[in-house]
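The figures that follow rest on heavy atoms only: side chains count, while hydrogens, waters and symmetry mates do not. So you know, we letter chains A, B, ... as the sequences are listed, proteins then strands, and number each from 1.
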Amino acid sequence: MPRPGRRLAAEFFDRPVTEVAPELLNKLLVVAADPEEGLPDLAGRIVEVEAYAGEQDPASHAHRGPTRRNRSMFGPPGTLYVYFTYGMHWCANAVCGPRGEPGAVLIRALSPPGGEWSPAEREILGDRRPRAARPVDLTNGPAKLCQALGLDGSHDGLDLTRPGSPVYILDDGTPPGDPVVTPRKGIRVGTDLPWRWHDPLDPHVSR
DNA sequence: CTTTGGATCGTCT
DNA sequence: GACGATCCAAAGG
């Protein structure tokens with residue numbers, strides 16, 4: 001039985017990153033079922049995002065032009081950009097704007113679509129994140145949610161909009177709501193830009 | 001509760 | 001050779 005909703009298409013992402021970012025709130029990030037491993041669909045509601053632009057954004061990985069690491073940011077709209085940082089963590093972004101113009105939305109936190117993770121989901125996510133003390137700790141950070149969903153460098157560069165792709169973003173009809181806007185976190189430059197959006201009522205927002 | 005420092009390594013200078 | 005779009009545990013109030 002397919003999850004109700006519509007997969008976001010390339011046109012959705014082919015806009016300025018600061019326009020797309022807040023609209024990704026309350027969409028569902030989905031990692032498709034893997035029958036080989038006996039894994040079901042894993043989906044989380046996006047409740048916190050940040051926008052990263054191109055050369056004009058000093059905090060962006062694309063600030064100094066294309067490199068091997070950031071090449072996915074220069075791909076077509078709807079590309080998944082997964083990068084490795086701090087020697088141990090993966091983080092996931094949705095690439096926005098036309099091909100060749102780098103822009104990406106960092107997905108910083110997920111909430112269980114049904115209000116809480118099902119027992120089956122909790123078992124899978126908990127096995128992958130054994131240090132999580134509480135259920136919210138499974139997905140309340142950009143590297144935590146990648147670990148919980150099993151996202152890593154092998155997913156970098158895939159097309160979120162292609163029918164049949166193993167990772168995609170679903171619109172189930174829930175509007176973005178009433179997000180709060182703040183400066184971005186964990187950066188040392190570009191801290192004046194109000195490019196972080198989150199749902200202030202959701203307990204899964206990062207600290 | 002808040003603050004602080006260590007972990008850990010691919011990437012770019 | 002330096003430094004992260006982070007996380008975690010330990011220590012302090």
Side-chain angles (χ1 to χ4, degrees), chain A residues 13 16-25 27 29 44 46-75 77-97 101-111 125-158 160 167 169 179-199 202-207:
Chain A
F13 299 101
V17 65
T18 52
E19 182 179 325
V20 176
E23 292 189 28
L24 281 175
L25 290 174
K27 302 294 187 289
L29 176 63
I46 299 168
V47 295
E48 178 182 354
V49 295
E50 285 176 357
Y52 288 87
E55 317 234 337
Q56 75 277 16
D57 177 6
S60 171
H61 289 164
H63 179 48
R64 308 208 172 183
T67 66
R68 174 146 86 251
R69 181 205 206 190
N70 68 20
R71 72 188 183 288
S72 294
M73 287 187 74
F74 293 81
T79 298
L80 182 67
Y81 170 44
V82 183
Y83 67 87
F84 185 66
T85 191
Y86 290 104
M88 62 192 105
H89 298 305
W90 298 98
C91 296
N93 302 250
V95 172
C96 298
E101 292 181 24
V105 178
L106 173 66
I107 300 173
R108 291 191 55 92
L110 298 178
S111 183
L125 305 184
D127 282 352
R128 290 171 171 168
R129 290 194 39 72
R131 316 310 297 248
R134 309 160 297 168
V136 293
D137 296 319
L138 294 169
T139 56
N140 64 351
K144 296 177 187 179
L145 70 89
C146 282
Q147 189 178 10
L149 294 187
L151 293 174
D152 60 29
S154 70
H155 301 96
D156 180 44
L158 72 76
L160 293 167
V167 184
I169 300 180
V180 166
V181 190
T182 73
R184 296 169 293 182
K185 310 186 77 160
I187 55 175
R188 308 206 48 163
V189 290
T191 51
D192 51 317
L193 297 168
W195 283 2
R196 170 176 174 262
W197 293 263
H198 70 280
D199 175 355
D202 196 286
H204 296 78
V205 169
S206 67
R207 16 175 274 126

S.K.: Would you classify A/Ala59 as touching base, sugar-phosphate or nothing, given that sugar-phosphate means primed atoms plus P, OP1 and OP2, and contacts are heavy atoms under 4.0 Å?
M.R.: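 Here A/Ala59 touches the bases of the nucleic acid.
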S.K.: Would you list the protein and nucleotides 2-6 of chain B atom pairs, both N or O, that sit under 3.5 Å from each other?
M.R.:
none

S.K.: Which is the 5'-most and which the 3'-most nucleotide of DNA chain C that has an atom under 4.0 Å from a heavy atom of chain A?
M.R.: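 On DNA chain C, the outermost contacted nucleotides are C/dG4 to C/dA9.
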S.K.: With rounding to the nearest 0.5 Å, note down the distance linking CG in A/Leu145 to CG in A/Leu29.
M.R.: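 A/Leu145 atom CG to A/Leu29 atom CG measures 7.0 Å (nearest 0.5 Å).
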S.K.: Who pairs with A/Ser206 by side-chain hydrogen bond (donor to acceptor under 3.5 Å, both in side chains), at least two apart in sequence or on another chain?
M.R.: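 By the side-chain hydrogen bond (donor to acceptor under 3.5 Å, both in side chains) rule, A/Ser206 matches A/Glu48, A/Arg108.
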S.K.: Under 4.0 Å between any heavy atoms, over every strand shown, what does A/Arg184 touch: base, sugar-phosphate, or nothing? Just pick one.
M.R.: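 Contact class for A/Arg184: none.
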S.K.: Any base atoms under 4.0 Å from A/Ile187, or only sugar-phosphate, or nothing? Heavy atoms, all strands.
M.R.: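 Touches sugar-phosphate only.
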S.K.: Among all residues two or more places apart in sequence or in another chain, which pass the side-chain hydrogen bond (donor to acceptor under 3.5 Å, both in side chains) test with A/Glu19?
M.R.: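 Here the qualifying residues are A/Arg15.
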S.K.: Only one of A/Arg128, A/His89, A/Arg129 forms a side chain to side chain donor-acceptor pair (under 3.5 Å) with A/Gln147, so which one is it?
M.R.: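 Running side chain to side chain donor-acceptor pair (under 3.5 Å) over A/Arg128, A/His89, A/Arg129 with A/Gln147 returns exactly one hit, A/Arg129.
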S.K.: With sequence neighbours excluded, tell me which residues meet side-chain hydrogen bond (donor to acceptor under 3.5 Å, both in side chains) with A/Asn140.
M.R.: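 Residues passing side-chain hydrogen bond (donor to acceptor under 3.5 Å, both in side chains) with A/Asn140: A/Asp137, A/Lys144.
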S.K.: Over all heavy atoms of both residues, which pair between A/Ala148 and A/Leu125 is shortest? Give the atoms and the distance, please.
M.R.: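 Smallest heavy-atom distance, with atoms named: O-CD2, 3.1 Å.
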S.K.: Main chain of A/Val95, side chain of A/Asn93: is a donor-acceptor contact present, judged purely on distance under 3.5 Å?
M.R.: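 Here the side-chain-to-backbone pair does not exist.
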S.K.: For each nucleotide in nucleotides 8-13 of chain B, reading 5' to 3', give B when a protein heavy atom comes within less than 4.0 Å of its base, S when such contact involves only the sugar-phosphate, and - otherwise.
M.R.: BBSSS-
S.K.: What pairs meet the salt bridge (charged side-chain N to carboxylate O under 4.0 Å, His left out) rule with one or both residues in residues 180-194 of chain A, with sequence neighbours excluded?
M.R.: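 Matches after skipping sequence neighbours: A/Asp57-A/Arg184.
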S.K.: Given side chains that start at C-beta, do those of A/Val105 and A/Tyr81 come closer than 4.5 Å, heavy atoms only?
M.R.: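 Answer no - side chains too far apart.
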S.K.: By salt bridge (Lys or Arg N to Asp or Glu O under 4.0 Å), which residues pair with A/Arg69, not counting sequence neighbours?
M.R.: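 Result, salt bridge (Lys or Arg N to Asp or Glu O under 4.0 Å) vs A/Arg69: none returned.
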S.K.: Could you pick out which residue, A/Arg188 or A/Arg129, lies toward the 5' side of DNA chain C when each is mapped onto its nearest nucleotide?
M.R.: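 Its nearest nucleotide being more 5', the pick is A/Arg188.
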S.K.: What base-paired stems does DNA chain B take part in, with at least 3 consecutive Watson-Crick or G-U wobble pairs and both distances under 3.5 Å?
M.R.: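 Output for stems: B:1-7 with C:6-12, B:9-12 with C:1-4.
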S.K.: Could I get the full list of side-chain hydrogen bond (donor to acceptor under 3.5 Å, both in side chains) partners for A/Ser60, not counting sequence neighbours?
M.R.: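 In terms of side-chain hydrogen bond (donor to acceptor under 3.5 Å, both in side chains), with neighbours along the sequence ignored, A/Ser60 is linked to no residue.
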S.K.: Could I get the full list of side-chain contact (heavy atoms from CB on, under 4.5 Å) partners for A/His63, not counting sequence neighbours?
M.R.: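 Residues passing side-chain contact (heavy atoms from CB on, under 4.5 Å) with A/His63: A/Pro58.
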S.K.: Would you measure the distance from the C1' atom in B/dG5 across to the matching atom in C/dC3 and give it in whole Å?
M.R.: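 About 16 Å, rounded to a whole number of Å.
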S.K.: Can you sort out the partners of A/Phe84 under ring pair (Phe, Tyr, Trp, His ring centres under 6.0 Å), two or more places apart, ordered by chain and number?
M.R.: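 Only A/Trp90 meet the ring pair (Phe, Tyr, Trp, His ring centres under 6.0 Å) criterion with A/Phe84.
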